[in-house]
Amino acid sequence: MSFRHTLGALAAACGLQAATLPAFASDAATSSASTAEAMARRAAQLRDLYQQERQQENIFTVHFPDADTARRAAITFHDALLESDYAQRTLTLQLDAEDVARLKRDGFAMERADAFIARRDATLARLEQAGPGAALIGRNAISGVDAVTGESIPGFSCYETVEETEAAARAIVAAHPALATYTDVGDSWEKVHGMAGHDIFVLKLTNQAIAGTKPKLLITAAIHAREYTTAPLALAFAQQLVDGYGTDADATWILDHHEVHVMLQTNPDGRKQAEAGLLWRKNTDQAYCGATSVNRGADLNRNFTFSWNDTNGKGSSGNQCNETYRGAAAGSEPEVQAIESYARSIWADNRGPLPTDGAPPDTSGIHLDLHSYSSLVLWPWGDTKGVAPNGIAMQTLGRKFAWYNKYTPEQSIGLYPTDGTSDGVSYGELGVAAYTFELGTAFFESCANYAGTIKPQNLAAMTYAAKVVRTPYITPAGPDVSALKLKPNAATKAVTAGTLVTLTASATDLDFNNSKGTQPTFPIAAAEYYVDTPPWITGAVPNAMTATDGAFDETTEGLLGKIGTAGWKKGNHLVYVRSQDSAGHWGAFSAVFVKTK
């Protein structure tokens with residue numbers, strides 16, 4: 001048992017009800033003794049394990065020459081990450097002998113992480129003193145968690161459990177049957193093998209009354225079980241879209257003309273272990289590392305078929321007990337099979353078989369895989385430093401995402417490579433633009449950080465993804481339009497048909513995160529609006545807008561349009577606005593409702 005499991009397990013044993021203890025703690029669940037006695041016994045067992053491990057400390061503070069190298073190391077050693085400090089260019093990592101030797105060979109300085117270990121020991125001492133009922137769990141026992149409020153994940157009221165996630169998704173479908181469906185697309189390892197297990201579902205969002213082929217955004221979450229923020233963020237995005245339909249113009253046109261597919265819990269068996277306080281990463285496949293070991297399972301994000309083990313052991317582990325164990329064969333795990341099968345069902349294959357084959361620039365579709373943590377936006381390749389055939393276009397969109405969520409955008413190659421990752425099926429095989437968002441600053445992120453920063457910033461980035469999913473290799477190079485306003489304010493109070501409505505907005509070509517390189521930008525050259533019918537539909541009519549200062553010659557411009565409403569029917573009318581820069585790039589649409597009576 002590694003420290004990453006020990007701390008969380010000890011806290012869980014001290015602080016959780018017997019029904020939520022990890023599956024391996026069957027003595028606590030089945031004993032005829034009282035719940036308190038069972039938890040105390042389990043806590044004593046875990047303390048013994050911890051004391052044994054203390055004799056072989058393998059926690060190090062590793063120093064890097066710059067923050068960029070530290071971030072790339074965080075990608076490579078994501079499974080070993082305990083703490084990060086990019087400002088000080090250090091990572092606290094739990095490393096095996098092979099990784100220690102590799103880092104030392106490449107000249108990186110390291111020392112025993114005495115400060116971290118001291119804080120950990122103090123935390124464990126507090127847990128021992130607290131006994132059953134302690135409210136601290138997991139790594140956040142070090143950094144502090146929210147007060148326990150009776151929710152299923154003690155200390156984290158903002159995060160839904162697997163069961164609560166499923167209930168929330170079904171509630172969305174019940175409340176919005178014309179916009180949402182919830183479909184069983186696969187089974188977890190435990191369910192496949194006749195245990196309780198879980199189904200794997202996809203929540204599909206689109207206006208079913210509007211037929212035709214629509215571009216598709218796929219969001220996958222919680223493939224690594226301990227990454228608490230990912231599934232709740234995906235659920236929050238789905239809720240935001242359906243709640244906004246009919247009142248928020250952007251949510252409305254996105255659901256009318258695009259599809260959003262959300263796989264909320266891609267590793268539900270592992271997630272249940274993490275909900276009990278364990279820093280559980282993998283699935284729970286009992287064929288690997290022993291049926292009751294807390295190190296069992298496969299790292300699902302090293303098990304995808306494309307690029308599986310293609311770095312000869314450098315990008316994943318062949319050790320069944322290792323956190324990056326790749327599985328017995330490419331795509332061997334049922335959870336990965338569900339993801340791959342679903343991706344192939346919604347997207348055509350638009351990329352050739354050679355590494356140099358790029359997808360056509362007009363390929364539609366985006367895959368967002370939500371992870372934590374490290375505050376990064378990543379795109380292929382991760383198994384080589386070479387730029388992917390569509391890499392420049394993916395870099396442009398990555399910088400746009402990072403402008404919204406304030407993360408660092410970079411290719412997903414780390415200090416050393418990774419292989420068999422989730423972008424393999426989407427981009428590697430099918431040519432669909434694929435990204436990993438590494439959310440926030442901790443696996444068990446505090447609810448304050450999640451609600452205050454991670455959620456709002458990443459909802460904005462995900463909304464942008466839903467806007468540009470039709471042509472993600474083209475549209476992000478263009479300007480963004482924001483601050484749409486009407487006079488009179490026909491968005492909130494209907495005007496009489498025939499009223500001339502003034503539309504103002506702002507267009508900018510500068511919404512890129514340039515922390516890793518500089519994105520080319522250009523002056524605004526034009527802008528236009530459409531009423532009810534967007535330009536990809538036959539019969540759409542463009543209406544030119546002007547610059548509020550009289551000339552299009554700056555990278556940021558105010559926009560002005562006059563909307564004549566003569567002959568309009570009563571009701572809400574969608575007005576779509578976009579802008580073009582001097583290089584010819586049309587950017588994403590933003591929309592506003594104009595109401596007439």
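Only heavy atoms go into these numbers, but all of them, side chains included; no hydrogens, no water, no symmetry mates.
- Residue Lys455 qualifies as open at atom NZ: its count of foreign heavy atoms under 6.0 Å is 12 or below.
- Using a 3.5 Å distance cut-off with no hydrogens or angles, the side chains of Asp369 and Thr220 do pair a donor with an acceptor.
- Of all non-hydrogen atoms in Lys214 and Thr206, the two that sit nearest each other are NZ-OG1, 2.9 Å.
- Proximity of a side-chain donor or acceptor of Asp419 to a complementary backbone N or O of Asp383 within less than 3.5 Å is not detected.
- Checked by atom type and distance alone, the side chain of Asn390 pairs as donor or acceptor with a backbone atom of Ala359 at under 3.5 Å.
- Outside the 6.0 Å centre-distance limit, the rings of Tyr228 and Phe443 are not counted as a close aromatic pair.
- Taking OG of Ser317 as the reference point, atom CZ of Arg326 lies at 6.5 Å (rounded to 0.5 Å).
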*Check the pair Arg344, Asp349 against side chain to side chain contact (heavy atoms under 4.5 Å, CB included), reporting the backbone distance first and the verdict last.*
CA-CA 8 Å; Arg344 293 172 187 137; Asp349 187 349; over 6 Å; no

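- Here the side chains of Pro409 and Phe401 are not in contact, with every heavy-atom distance at 4.5 Å or above.
- Contacts of Arg71 classified as salt bridge (charged side-chain N to carboxylate O under 4.0 Å, His left out), with partners at least two apart in sequence or in another chain: none.
- Taking every heavy atom of both residues into account, Leu235 and Ala169 meet most closely at CD1-N, 4.5 Å.
- Relative ring orientation between His367 and Trp347 is described as tilted, the plane-to-plane angle lying within the 30° to 60° band.
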| message | Would Tyr450 and Phe156 count as a ring pair (Phe, Tyr, Trp, His ring centres under 6.0 Å) here? Give the steps. | response | CA-CA 10 Å; Tyr450 172 71; Phe156 295 93; over 10 Å; no

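- Looking at heavy atoms from C-beta onward, Phe304 lies out of side-chain contact with Glu429 at the 4.5 angstrom threshold.
- You'll find the side chain of Tyr245 reaches within 4.5 Å of the side chain of Asp256, heavy atoms only.
- At least one donor-acceptor pair under 3.5 Å links the side chain of Glu275 to the backbone N or O of Val162.
- Two residues are said to be in side-chain contact when any heavy atoms from C-beta on lie closer than 4.5 Å; Arg271 and Thr161 fail this criterion.
- Between the side chains of Glu445 and Ser372, no donor N or O sits under 3.5 Å from an acceptor N or O.
- For the residue pair Lys406 and Ser375, no side-chain donor N or O sits within less than 3.5 Å of a side-chain acceptor on the partner.
- Judged by distance alone, the side chains of Ser316 and Arg302 never bring a donor and an acceptor atom under 3.5 Å apart.
- Taken from CG in Leu81 to NE2 in His78, the straight-line distance is 6.5 Å, to the nearest 0.5 Å.
- Between His258 and Trp253, the shortest heavy-atom distance links the atoms CE1-CZ3, 3.5 Å.
- In terms of the salt bridge (charged side-chain N to carboxylate O under 4.0 Å, His left out) criterion, residue partners of Asp68 (sequence neighbours excluded) are, by chain and number, Arg72, Lys516.
- Atoms OG1 and CD, on Thr508 and Glu554 in that order, are 10.5 Å from each other to the nearest 0.5 Å.
- A donor-acceptor pair is defined here as one N or O able to donate and one able to accept, closer than 3.5 Å; no such pair exists between the side chain of Glu557 and the backbone of Pro523.
- For the pair Pro535 and Pro542, the minimum side-chain heavy-atom distance is 4.5 Å or more.
- Annotation: cation-pi pair Lys400/Phe512 present, NZ/CZ under 6.0 Å from the ring centroid and within 45° of its normal.
- One N or O on the side chain of Asp250 and one on the backbone of Ala591 form a donor-acceptor pair closer than 3.5 Å.
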- Task: For the pair Leu378 and Glu410, evaluate side chain to side chain contact (heavy atoms under 4.5 Å, CB included) and give the outcome as yes or no after the intermediate values.
- Result: CA-CA 5 Å; Leu378 306 173; Glu410 59 183 285; 3.7 Å; yes

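- The backbone N or O of Gly244 lies less than 3.5 Å from a partner atom in the side chain of Thr247, making a donor-acceptor pair.
- Between Phe552 and Ala525, the closest heavy-atom pair is CD1-O, 3.5 Å.
- Going from atom CD1 of Ile474 over to atom CG of Leu397 covers 12.0 Å, rounded to the nearest 0.5 Å.
- Using a 4.5 Å heavy-atom threshold, the side chains of Ser506 and Thr556 count as touching.
- The CE atom of Met110 sits 10.0 Å away from the OG1 atom of Thr61 when rounded to the nearest 0.5 Å.
- Asn207 and His257 are not linked by any side-chain donor-acceptor pair at a separation below 3.5 angstrom, with hydrogens and angles left out of the test.
- Defined by atom type and a distance below 3.5 Å, a donor-acceptor pair is present between the side-chain atoms of Thr69 and Asp66.
- Side-chain atoms of Asn458 never come within 3.5 Å of backbone atoms of Asn405 as a donor-acceptor pair (strictly under, hydrogens ignored).
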Notebook entry, point to check: Could you walk me through whether Val185 and Ile200 pass the side chain to side chain contact (heavy atoms under 4.5 Å, CB included) check?
Noted result: CA-CA 6 Å; Val185 299; Ile200 296 174; 4.1 Å; yes

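- The backbone N or O of Asn322 lies less than 3.5 Å from a partner atom in the side chain of Lys282, making a donor-acceptor pair.
- Side chains of Asn267 and Asn283: a donor-acceptor N/O pair is absent below 3.5 angstrom, by distance only.
- Counting heavy atoms from C-beta outward, Ile172 and Tyr182 have side chains that stay 4.5 Å or more apart.
- Residues meeting the ring pair (Phe, Tyr, Trp, His ring centres under 6.0 Å) test with Tyr404, sequence neighbours left out: Tyr464.
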Glu528/Arg578 under salt bridge (charged side-chain N to carboxylate O under 4.0 Å, His left out): CA gap, chis, key distance, verdict = CA-CA 6 Å; Glu528 60 189 20; Arg578 68 174 179 173; 2.8 Å; yes

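- Side-chain contact check for Val481 versus Phe589: every heavy-atom pair is 4.5 Å or farther apart.
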* Criterion side chain to side chain contact (heavy atoms under 4.5 Å, CB included) on Asn350 and Val432, from CA distance to verdict -> CA-CA 8 Å; Asn350 285 298; Val432 170; 5.7 Å; no

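- Taking both residues in full, the closest heavy atoms of Tyr435 and Met394 are given as OH-O, 2.7 Å, listed atom of the first, atom of the second, then distance.
- Side chain to side chain, Tyr416 and Asp106 meet the donor-acceptor criterion of an N or O pair below 3.5 Å.
- A distance of 6.0 Å separates OG1 in Thr213 from NZ in Lys216, rounded to the nearest 0.5 Å.
- The only member of Thr305, Asp310, Asn309 that meets side chain to side chain contact (heavy atoms under 4.5 Å, CB included) when paired with Ser307 is Asp310.
- Using a distance-only test at 3.5 Å, with no hydrogens or angles considered, a donor-acceptor pair links the side chain of Gln411 to the main chain of Trp381.
- Distance alone, capped at 3.5 Å, places no donor-acceptor pair between the Asn449 side chain and the Gly452 backbone.
- A pairwise comparison of heavy atoms in Gly440 and Tyr407 identifies N-OH, 3.1 Å as the closest pair.
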